Amino acid sequence: MEYNYKEVEQKWRQFWEDNQTFKTGIDTTKPKYYVLDMFPYPSGAGLHVGHPLGYIASDIIARYKRLKGFNVLHPMGFDSFGLPAEQYAIQTGQHPAITTEENITTYIRQLKQIGFSYDWTKEVRTSDSKYYKWTQWIFMQLFNHYYDKDANKALKITDLVEKFATSGNKSVNAVCDEDTPVFTSEEWNAMSEFDQQSMLLKYRLTYPDESVVNWCPGLGTVLANDEVKDGVSERGGFHVEQKKMKQWAMRITAYADRLIDGLNEVDWSDALKEQQRNWIGRSTGASVKFQVDASTVQENAPEFIEVFTTRVDTIYGVSFMVIAPEHEYVPFLTTPEQKEAVDEYVKWVASRSELDRMSEVKKVSGVFTGSYVINPFNDEKVPIYLADYVLAGYGTGAVMGVPSGDQRDWNFATHFNLPIIPILDTQKDIDKQADNTKEGKYINSGIINGLEYKEATKTLTTYLEEKGIGKGKIQYRLRNAVFSRQRYWGEPVPVYFKDGLPYLIEESELPLDLPVIDKYLPTETGEPPLGRAENWKYKGEYEYELSTMPGWAGSSWYWYRYMDAQNEQEFASQESINYWKAIDLYIGGSEHATGHLLYSRFWNKFLKDLGLVPEEEFAKKLINQGMIQGRSNFVYRLAVSNLKSLAEIKIVYTDIYFSHGYYTQFKNGELSLEKVQELVKSVTDKNLWEGFENPKFDLIDRHVDVNIVNNDILDTNAFKNWREDFANAEFILEDGKYICGVEVEKMSKSKYNVVNPDILVDKVGADTLRLYEMFLGPLEQAKPWNTNGIDGSFRFIKKVWRLFYEDLGNFKVKDEAPTPAELKVLHTAIKKVEEDLERYSFNTVVSTLMICVNDLGSLKCSKKAILQELVILMSPYTPHIAEELWTLLGNEAGTISYASFPKFNPSYLVEANFEYPISINGKVRANISFPTDAIPADIEAGVLANEIVQKWLEGKAPKKVIVVPKRIVNVVM
RNA sequence: GCCAGGGUGGUGGAACUGGUAGACACGCAGGACUUAAAAUCCUGUGAACGUAAGUUCGUACGGGUUCGAUUCCCGUCCCCGGUACCA
């Protein structure tokens, strides 16, 4: 009897839904396990085979943990705010909510087909106002808190106000803007409401700030770096410039140290942790103030320029200073002679994105301002340059140039003919390249001459602090996160403006719903789309914030909402948060390494400070799944042409398609016209070259829908039916097949390489798809999608079925006692499956299951005791067929989901004899055979076993014996 | 550029802690069953040489450490992700 996967799978999906098999609640009698997928953005292209990869893995773990007796929370939802729906709205006028709703419906339908054990009653959508009410609520908490460095946590802003009123801000050790002045309580109390509120903004964890954005005047909007290609907008090709704009910011830097320290307590890959550490970029160094040489500068020029350096010890090697081209000091430092050159340079830089500037480090560019600073240590005059490798937003926007110790500075100095001063006696070849060594003794270095690195740094820092011109400082690469977007489809910021200052709306007024607007573009005056909303004023009077929140707002806390998704009083009840606590296993793409995962950790720490959540880190274990790339297929169309003269080229595209092998020959210049003409004759009587003088041909590659290609072989009939212009296609085959070309590209609609899971579920069933996706390779590795091997997984399912049914359709499972050989096969599998799942090696489990089923097939095993355990073992991977077989074995329907995982018994694996492989002098191989009960303990333990070998060599003493557990690796004679 | 990861047969990959490289699967070739096809089952399948036993080479490339390296170290090349407004 053939296994009818369609019927069986449908039946069990229905069963799970009808019986709410996977609905989870608080159950204190069981240990809890929270396994979560990074929720998807519901794009218009629907779910492709890359999405389920991580979902299948997490589902396997969820099902495995249920078998292990855990109460498992395994939810799914949608990160449904985002740019694509808004772009679509701009193009078509359809409200993003409608687009989003449609896409989510598709996603849910597709997800349900794969048999995930989600508790759908806990679904969340970030664009649902019942959800974003709480995103806005968290924003309000951030606004109402500041970071106290002494308490090392966020505290209420009202506490801060109290402190200001009683003792000013001198004794307050809090994270705030760099330019915050010191004031007394008297001064504070004398301040106007406006000044007090402005001052508090310098402390709040979210605050309005000036930041640089990609401004596109042509579109009247701000663009993501992603939307800018080569200095122009991807959409429309308009000019893009860098512009400063008022934006909400999140004071994530307040948490920088805790974000670094917290990495020690999570089980994430070292690579990912390293990336986060580097992103935060804590560097210890010093800030140094350089006095500006007043003789050449303009009025209002600053007295000092401050730089941050991690190598204060190189200060005597400074031969120039560079400030960012957009630095506010630039106009004051530029001399009249240099003005033209400086203006031109600044203009050029403004046209370049930050990414361009960072990327093209090899090309040195810059311009002299005409002014100088004085090196405080040796009173040397140092020229001030502008260069685009210095970014205004990082540090002080100014750096000191030490060509002998830094390659970029060296390149700059060489380009502008600036001196390169050696500062360490160990530096070599500094006329050819920089040498960044810290070894050796200082030379040409005033007060640190003859000292070594550590002492020198200490001496200099002390000197700086004594003179009040600098201090030891910890600097972070991490910048405060920009939190506004000039977009429509995002959470409105629950803020209104009074007298130019932001105020929160009342909590009771949440959610602040997105207003309805008719067009989704910015306003004519350059305001964000929300500026179009009519009569949208707070209390009918005050202007609301017109920006919306960024994509990451809603995704920075969603795992708590799943715990109690319907709660209208809180973002989740304390009871549920304290039960589920944190995510035990989180699976998602590595592209979120520094975005989502960092912001989420930040918000989680903040919520922890408020006492709302119990854990400092939100995800204990994290696995990054690799990206699935597309694998495009090509057909090769024959084009016939003649080249009479350049003016008279005639090209005719024929309906003849050549198999890939001919294309390869063609590319290598091995395919002659005669050969092509001969091949063409086999499919058509027409002379395609009739009337052509000097005939030529070409093979044109075209993408072909991968869904009508199987194992790179084209389904020629499906191709003819695919599109009208292929209806009359003729094919030049190889070995009777039309073989397509292959290329790895991004998955995209236009390349016809999007493989849709629905089609595969229809063709081979959800179990096969689940099995195959896991079998593809290590979860964490990026790989192109390839459907070629899926038959192997399909065969596995059919083989399992045949363990239960004879060819004639009789159920053959017997209630007999299993043989030792059968038990060995089963228990080998139990051990491997368990071990591999515990280390999240999803692909090797599939091999283990395949070997187990093959072996049981060879043993013609149809014993109930064996098959029952096998079915449980398979159930996380192939739940549908497992459910079916489980009931066929006489168990109650649906109980397999909470059955217990087979217990491994090592005694079934013990052999009577064990062969120890041995090699002598690295070459000759032989085996020593021992009865198992006589295996020497020192071989098991992997220690030297000279005696044993000597005995085996009949008395000859080996020089050296190298033994590893269960193997004598080498005997050196 | 910078940060991080990767490169193993015709293909996807396995080898977990430095210990018999290529498990498992796809594909291919041959065979069995069949009127035939499909399905299924069996055998072979890294390369070179050899009738064979076997020998040599072989984990991107070049070096190093080690009795022993796909694994550790140094250098080079190539591919993928991130690079702060894609999500």
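Given the structure is predicted, the values throughout are model-derived calculations rather than measurements.
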Heavy atoms under 4.0 Å, any strand shown: does [X] hit a base, just sugar-phosphate, or nothing?
X        : result
A:Val846 : nothing
A:Pro778 : sugar-phosphate
A:Ser43  : nothing
A:His596 : nothing

Within this structure, what is the [atom1]-to-[atom2] distance between [X] and [N], rounded to whole angstrom?
X        : N      : atom1 : atom2 : value
A:Phe794 : B:rA39 : CZ    : C1'   : 11 Å
A:Trp410 : B:rG1  : CH2   : P     : 18 Å
A:Leu259 : B:rA84 : CG    : P     : 19 Å
A:Phe775 : B:rG12 : CZ    : P     : 13 Å
A:Met850 : B:rA14 : CE    : P     : 14 Å
A:Asn843 : B:rA23 : CG    : P     : 15 Å
A:Asn788 : B:rG27 : CG    : P     : 8 Å
A:Asp836 : B:rA23 : CG    : C1'   : 12 Å

Exercise. Looking at A:Met850 and A:Gly792, what are the two nearest heavy atoms and their distance?
Worked result: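 Closest heavy-atom pair between A:Met850 and A:Gly792: CE-O, 4.0 Å.
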For this session: In sequence, state the C-alpha distance, the side-chain angles, and the governing distance for A:Trp552 and A:Phe81, and then conclude on ring pair (Phe, Tyr, Trp, His ring centres under 6.0 Å).
Result: CA-CA 9 Å; A:Trp552 55 269; A:Phe81 272 133; over 10 Å; no
Looking at residues at least two apart in the chain, or sitting in another chain, which of them share a side-chain contact (heavy atoms from CB on, under 4.5 Å) with [X]?
X        : value
A:Leu83  : A:Gln87, A:Glu227, A:Arg487
A:Lys763 : A:Ile759
A:Leu521 : A:Ile90, A:Lys519, A:Arg532
A:Pro529 : A:Glu86, A:Tyr488, A:Ile517

Problem set entry | Pair A:Val322-A:Tyr389, side-chain contact (heavy atoms from CB on, under 4.5 Å): steps then yes or no | CA-CA 9 Å; A:Val322 183; A:Tyr389 71 82; 3.8 Å; yes
Exercise. Just to confirm, is there a sub-4.0 Å distance from OP1 or OP2 of B:rC85 to any side-chain nitrogen or oxygen of A:Arg485?
Worked result: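 So the side-chain polar atoms of A:Arg485 do come within 4.0 Å of the phosphate oxygens OP1 or OP2 of B:rC85, strictly under.
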Exercise. P atom, B:rG63 versus B:rC16: distance in rounded Å?
Worked result: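 Those two atoms are separated by 27 Å.
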For this session: Pull up the glycosidic torsion of B:rG9 and say syn or anti, syn being anything within 90° of 0.
Result: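 B:rG9: syn.
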Problem set entry | For A:Phe904, ring-ring contact (aromatic ring centres under 6.0 Å, His included) partners two or more places apart |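 Here no residue qualifies.
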Problem set entry | Set of residues satisfying ring-ring contact (aromatic ring centres under 6.0 Å, His included) with respect to A:Tyr558, sequence neighbours excluded |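 With neighbours one apart ignored, the set is A:Phe39, A:Tyr562.
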For this session: Any chance you could lay out the side-chain contact (heavy atoms from CB on, under 4.5 Å) test for A:Thr126 and A:Phe78, step after step, and finish with the verdict?
Result: CA-CA 7 Å; A:Thr126 56; A:Phe78 301 93; over 6 Å; no
Contact list (N/O, under 3.5 angstrom) for nucleotides 40-42 of chain B vs protein:
residue : atom : partner  : partner atom : Å
B:rU40  : O3'  : A:Arg802 : NH2          : 3.2
B:rC41  : OP1  : A:Arg802 : NH2          : 3.4

Exercise. Reading RNA chain B 5' to 3', how would its secondary structure be written in dot-bracket notation, given Watson-Crick and G-U pairs with both distances under 3.5 Å, brackets [ ] for crossing pairs and | for partners on other strands?
Worked result: (((.(((..(((......[....)))((((((.......))))))((((....))))..(((((..]....)))))))).)))....
Exercise. Atom CE in A:Met774, atom OG in A:Ser847: separation rounded to 0.5 Å?
Worked result: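 These two atoms lie 13.0 Å from each other.
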Problem set entry | Test side chain to side chain donor-acceptor pair (under 3.5 Å) applied to A:Gln276 and A:Arg601, step by step | CA-CA 11 Å; A:Gln276 289 217 345; A:Arg601 294 181 59 223; 2.7 Å; yes
Problem set entry | salt bridge (Lys or Arg N to Asp or Glu O under 4.0 Å) contacts touching residues 268-281 of chain A (sequence neighbours left out) |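 The answer is A:Glu274-A:Arg277.
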Please list each protein N or O that sits under 3.5 Å from an N or O in nucleotides 2-7 of chain B, with the distance.
residue : atom : partner  : partner atom : Å
B:rC3   : O3'  : A:Asn278 : ND2          : 2.6
B:rC3   : O2'  : A:Asn278 : ND2          : 3.0

Exercise. Going by atom types only, do A:Glu545 and A:Trp248 share a side-chain donor-acceptor pair under 3.5 Å?
Worked result: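 Indeed, the side chains of A:Glu545 and A:Trp248 share at least one donor-acceptor pair under 3.5 Å.
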Under 3.5 Å, which N/O atoms of the protein pair with N/O atoms of nucleotides 28-33 of chain B?
none

Problem set entry | With sequence neighbours excluded, residues passing salt bridge (Lys or Arg N to Asp or Glu O under 4.0 Å) with A:Asp209 |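 For A:Asp209, no residue satisfies salt bridge (Lys or Arg N to Asp or Glu O under 4.0 Å) once neighbours in sequence are set aside.
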